[in-house]
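Predicted, not measured: the structure shown is a model, and the values here were computed from it.
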Amino acid sequence: MVQRVRLRYTKRGRLRFTSHRDFQRAFERALRRSEVPMAYSAGFTPHPRVSYANAAPTGTASEAEYLEIALAAPREPELLRERLDASLPDGLDIVEAVPAATGDFAERLAASEWRLRMDGVAPDEARRAVETFLAAEEVVVRRQTKKGMRDFDARGAVAALSVEPGGSDRPESVPCAILRLVVRHLTPAVRPDDVLSGLRAVADLAPPVPVAVTRLAQGPLDEETATVLDPFAPDRDAARAVLATAGGQRPAAAPGAAGQ
């Protein structure tokens, strides 16, 4: 029986410049070093069964990248995480592992929360630009895609955009604005760079140095609060229910289930 395990990993420091293909190669080497009993695809050229989900663009840091692996023999997820993490370079860190107890994981990754650090930009200047951006019904930006240059609306995908109060660790004499951005995962995908292009287009906001971009979270979106939720929560709940049943306990009823 194949066991599926879902992993959350990070890209930090210099490793934010790692491309997705570079990470794939590093991760497959880590699988071999850790002697993980991988399940393989069928056909003439079998490959380890690894599914990657919505990787961050090259050059951006991330605290919330996800993948799923299929194992030919069961392993305890936390021990598996520790062994894989030890086999990867610092900056590419496996920080969480859960058994895949539910389906449709990729569909849960409906939005991302980003942190945009703008050195050389005063918070008040950034705040005015954000207000102008949010007041617009549409902000058209242009980006090179595999099918050539394409125009699309960067405003419609933005669920939240704000300037963090006092969030910089720089001296007060050095201006630095930090933006919190929550973006829905739509088609075509709107990336932080597209929102930065939109801020430049509608408010002439042009940071003097490249913006440091970090993905903080990725998962389901609470539209009411513009909060990105934990995509592993359903798997944890399902695993707890299985353990409770195996231990002879009755699983806790879902909220609102009483009296039905």
Side-chain angles (χ1 to χ4, degrees), residues 8-20 23 52-66 91 109-123 125-136 138-146 149-165 167-170 175-221 223 226-229 231:
R8 178 168 70 91
Y9 67 95
T10 69
K11 291 171 58 181
R12 297 167 174 160
R14 294 184 301 104
L15 274 299
R16 69 186 184 278
F17 296 108
T18 303
S19 71
H20 183 54
F23 174 78
Y52 301 90
N54 197 34
T58 303
T60 62
S62 180
E63 295 294 314
E65 302 298 289
Y66 292 94
L109 304 181
S112 288
E113 178 180 355
W114 299 89
R115 182 179 186 265
L116 283 59
R117 179 183 177 120
M118 298 179 162
D119 287 319
V121 175
E125 180 187 1
R127 196 169 291 109
R128 286 191 293 269
V130 165
E131 290 171 355
T132 302
F133 181 94
L134 294 176
E138 183 181 61
V139 178
V140 177
V141 298
R142 172 170 289 192
R143 183 185 356 124
Q144 181 72 36
T145 70
K146 293 179 181 179
M149 294 298 293
R150 182 171 182 177
D151 292 344
F152 54 94
D153 177 26
R155 173 66 185 89
V158 174
L161 179 61
S162 61
V163 179
E164 293 185 358
S168 173
D169 56 4
R170 300 292 296 272
C176 177
I178 296 179
L179 273 58
R180 172 185 178 265
L181 169 67
V182 177
V183 178
R184 301 178 187 89
H185 295 169
L186 304 179
T187 303
V190 172
R191 306 182 305 197
D193 281 354
D194 300 320
V195 175
L196 292 171
S197 296
L199 289 167
R200 185 181 306 112
V202 301
D204 198 27
L205 182 66
V209 297
V211 176
V213 179
T214 302
R215 174 147 58 189
L216 301 178
Q218 185 178 185
L221 177 64
E223 290 281 358
T227 301
V228 178
L229 306 176

Least distance between heavy atoms, [X] atom then [Y] atom:
X	Y	answer
Leu116	Pro192	CD1-CB, 4.5 Å
Lys11	Pro57	NZ-O, 3.9 Å
Ala154	Asp194	CB-O, 4.0 Å
Gly198	Val139	CA-CG1, 3.5 Å
Ala177	Pro123	CB-CA, 3.9 Å
Ala160	Ala226	CB-CB, 3.7 Å

Under the side chain to side chain contact (heavy atoms under 4.5 Å, CB included) rule, what do Leu179 and Leu199 come out as? Steps first, then yes or no, please.
-> CA-CA 12 Å; Leu179 273 58; Leu199 289 167; 4.0 Å; yes
Just so I know, are the side chains of [X] and [Y] near enough to count as touching, which here means a heavy-atom distance under 4.5 Å?
X	Y	result
Val121	Pro208	yes
Arg8	Gln218	no
Arg155	Leu134	yes
Arg215	Asn54	yes
Phe133	Leu205	no

Taking the side chain from [X] and the backbone from [Y], do they hold a donor-acceptor pair closer than 3.5 Å?
X	Y	value
Arg128	Glu131	no
Arg184	Gly156	yes
Ser62	Ala64	yes
Asp153	Val140	no

Do Val195 and Trp114 pass the side chain to side chain contact (heavy atoms under 4.5 Å, CB included) test, and can you show the C-alpha distance, the side-chain angles, and the key distance before you say yes or no?
-> CA-CA 11 Å; Val195 175; Trp114 299 89; over 6 Å; no
Hey, what do you get for [atom1] ([X]) to [atom2] ([Y]), rounding to the nearest 0.5 Å?
X	Y	atom1	atom2	answer
Arg180	Arg115	CZ	CZ	13.0 Å
Thr18	Arg12	OG1	CZ	13.5 Å
Asp151	Arg142	CG	CZ	4.0 Å
Leu221	Ser112	CG	OG	10.0 Å
Leu181	Leu216	CG	CG	10.0 Å

Going through the distances and angles, do Ser19 and Thr58 end up as a side chain to side chain contact (heavy atoms under 4.5 Å, CB included)?
-> CA-CA 5 Å; Ser19 71; Thr58 303; 3.7 Å; yes
Criterion side chain to side chain contact (heavy atoms under 4.5 Å, CB included) on Leu196 and Met118, from CA distance to verdict | CA-CA 10 Å; Leu196 292 171; Met118 298 179 162; 3.3 Å; yes
ring-ring contact (aromatic ring centres under 6.0 Å, His included) partners of Tyr52, counting only residues at least two apart | His20
